[in-house]
Amino acid sequence: MIDQRAIEKFKNLETPLYYYDMDLLKRTLELCRRELDKYGYKAHYALKSNINKRILALIKEYGFGADCVSGNEVMWAYEAGFAPEKIVFAGVGKTDKEIRQALEIGIFSFNCESTAEISIIDELAGEMGKKANISLRINPDVDAHTHKFITTGKKENKFGISLNKLLETIEAIKNCKNIELIGIHFHVGSQITDIDVFATLCEKVNVITAWLKDNGLHIKSINLGGGLGIDYEHPLENPIADFEKYFATINKHLHLDEGQEVHFEPGRSLVAQCGALISRVLYIKEGDNIDFLILDAGMNNLIRPALYEANHDIINLTSSEALHTYDIVGPVCETSDKFASSKSINGAKRGDLIAILSAGAYGEVMSMRYNLKDIANHYYSDNL
Ligand SMILES: *Cc1c(COP(=O)(O)O)cnc(C)c1O
């Protein structure tokens, strides 16, 4: 993903920087599109994983809609050219302003997470003389077998409407004149690598749709969210998520009625592998037990290791020395500002270029200015 030409360019650039391989992104989108089309599925890209305009433009070109979790994301997607009828809006805490913005442009669906929220959307839609399409985000109590901070579909998580509350929610919607219930929505977690989780989710969804049907509700749209994991351990050998197996699993397990649509919200699986955080070695410090490799990139640029104990593969782009083991850390004044413990990479010296791989999702978009550090620039493979 990072060729010699790119490395030569990096040598003249200020680091840290984000680098995006647009060819890999293209190949990823192509494959995902092909597998979606096999079954007539629709997908909305989860904007929160990466909001760069060029990346959005390419994703839009491949026919994806947008999945947003704030009013600003809805507007960002709209301004990037995503058609309103392909925009969905989730989140447990939508503000009145955000709801009004989405009503104004006329999005495909509010993915609603509580009855309290639904009644506010009803009220605001009424004031604006609009009708709001909504889907119920249901918490199916499915364990995603992923890190606890990115598990969203267990009953103790804040997300979605509990199965126990479904009946009363549906009753409440009957009194909402400005609401059209078009679908149900699920998103049980992120970086899910156990494909059985999706089979289990489908089995739960089947029970729910059958129950809704018994209660006289025909649901047009079933949205299964995102969450497909990627290979953080071997990104170079395995750069594209297994879309084929994922959609085949859904197709095998999900029961559909005539005319029912299936929607997805992939984020990480589309953009994670095309991005890398490029950094320079500042210092090598001999510790008592291990050497510290101190980079100019830190948790301010990529917070995933500190926030979720995430592991990224890391390579030395400018050394062919024998392997050496380091604790790889950033410059920020926090102990959790550490990218890897006891990581073997080619022996490093000051000035070497280091790539932290699989950083395209939840990387740059989560950058911050803690310690008053600069925000890193970004570059694309096709205009380096
Ligand atoms: C974050 C999120 C996604 C995307 O999840 P990935 O793991 O990046 O695929 C999809 N839907 C909702 C509602 C989300 O919050």
Side-chain angles (χ1 to χ4, degrees), residues 25 28-29 32 35-36 41-51 55-56 59 64-74 77 82 86-94 98 102 107-114 117 134-140 142 144-154 157-161 183-195 197-198 201 205 221-232 240-243 246-247 250 262-275 304 307-308 310 358-366:
L25 177 60
T28 307
L29 292 169
C32 184
E35 297 304 315
L36 284 163
Y41 294 160
K42 297 174 191 293
H44 311 262
Y45 164 65
L47 235 77
K48 74 174 188 286
S49 56
N50 189 311
I51 57 161
I55 288 177
L56 293 182
I59 290 175
F64 290 79
D67 164 39
C68 304
V69 289
S70 73
N72 286 346
E73 278 194 3
V74 169
F82 286 92
K86 285 186 176 181
I87 297 178
V88 296
F89 181 15
V92 297
K94 302 177 186 77
E98 291 176 318
I107 61 170
F108 174 67
S109 176
F110 288 87
N111 292 338
C112 297
E113 313 224 10
S114 66
E117 176 196 332
I134 70 157
S135 301
L136 300 180
R137 176 167 181 179
I138 299 171
N139 183 323
V142 167
H145 299 150
T146 183
H147 190 276
K148 63 179 188 295
F149 287 176
I150 49 174
T151 293
T152 56
K154 290 278 287 167
N157 302 138
K158 71 176 175 181
F159 299 99
I161 295 164
I184 51 176
H185 172 243
F186 304 84
H187 173 67
V188 297
S190 200
Q191 184 52 17
I192 298 169
T193 50
D194 175 359
I195 202 81
V197 168
F198 295 109
L201 173 62
V205 174
S221 148
I222 299 174
N223 184 333
L224 298 178
L228 178 63
I230 58 130
D231 192 343
Y232 281 99
I240 300 185
D242 198 348
F243 295 112
Y246 174 57
F247 293 120
I250 304 290
V262 186
H263 295 246
F264 293 90
E265 300 167 340
R268 185 193 312 273
S269 56
L270 295 179
V271 296
Q273 299 291 29
C274 75
R304 298 190 64 259
L307 191 59
Y308 314 129
S358 319
Y362 309 106
E364 189 180 3
V365 75
M366 283 181 151

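We count ligands from 1, going down the list as the structure has it; atoms in each ligand are counted the same way. Only this structure's heavy atoms are used, side chains among them; waters, hydrogens and symmetry mates stay out.
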Asker: Just jot down the ligand 1 atoms closer than 4.0 angstrom to any heavy atom of R268, in number order.
Answerer: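 Counting from 1, the qualifying ligand atoms are 6 (P), 8 (O), 9 (O).
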Asker: Could you see which bit of H187 sits under 4.0 Å from ligand 1, with heavy atoms only: side chain, backbone, both or neither?
Answerer: side chain
Asker: By number and element, which atoms of ligand 1 are closer than 4.0 Å to a non-hydrogen atom of Y362?
Answerer: 1 (C), 4 (C), 5 (O), 6 (P), 8 (O)
Asker: Within 45° of the six-membered ring axis of F110 and under 6.0 Å from that ring's centre, is NZ or CZ of K94 located there?
Answerer: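 Ring-cation test returns no.
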Asker: Evaluate the criterion ring-ring contact (aromatic ring centres under 6.0 Å, His included) for residue pair F82 and Y45; output intermediate values, then yes/no.
Answerer: CA-CA 10 Å; F82 286 92; Y45 164 65; 7.4 Å; no
Asker: Which ligand 1 atoms are under 4.0 Å away from a heavy-atom of G226?
Answerer: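 Every atom of ligand 1 under 4.0 Å from some heavy atom of G226: 9 (O), 10 (C).
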Asker: Decide yes or no for L270 and F64: does some side-chain heavy atom of the first lie under 4.5 Å from some side-chain heavy atom of the second?
Answerer: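 L270 reaches F64 side chain to side chain.
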Asker: Hey, is S190 touching ligand 1 through its side chain, its backbone, both or neither, going by heavy atoms under 4.0 Å?
Answerer: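 The part of S190 near ligand 1 is both the backbone and the side chain.
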Asker: Give yes if a backbone or side-chain nitrogen or oxygen of G227 is under 3.5 Å from a nitrogen or oxygen of ligand 1, and no if not.
Answerer: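 Yes, G227 has an N/O under 3.5 Å of an N/O on ligand 1.
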Asker: Who gets closest to atom 2 (C) of ligand 1 by heavy atom: E265, H185, K48?
Answerer: K48
Asker: Residue-level breakdown please: for T152 versus ligand 1, do any non-hydrogen atoms fall below 4.0 Å on the side chain, on the backbone, on both, or on neither?
Answerer: neither
Asker: Between atom CD1 of I250 and atom CD1 of I222, what is the distance when rounded to the nearest 0.5 Å?
Answerer: 11.0 Å
Asker: Tell me if a side-chain donor or acceptor on Q191 pairs with a main-chain N or O of L228 at a distance below 3.5 Å.
Answerer: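 Looks like no, no N/O pair under 3.5 Å.
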Asker: Numbering the atoms of ligand 1 from 1, which are under 4.0 Å from a heavy atom of G267?
Answerer: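 Counting from 1, the qualifying ligand atoms are 6 (P), 8 (O), 9 (O).
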Asker: Does the plane of the ring in F149 sit parallel, tilted or perpendicular to the ring in H147? Use 30° and 60° as the thresholds.
Answerer: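 F149 vs H147 ring planes: perpendicular.
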Asker: Would the number of heavy atoms belonging to other residues, nucleotides or ligands and lying under 6.0 Å from NZ of K42 be above 12?
Answerer: no
Asker: Going by the order shown, which atoms of ligand 1 are within less than 4.0 Å of some heavy atom of A46?
Answerer: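 Matching atoms, with element in brackets: 3 (C), 4 (C).
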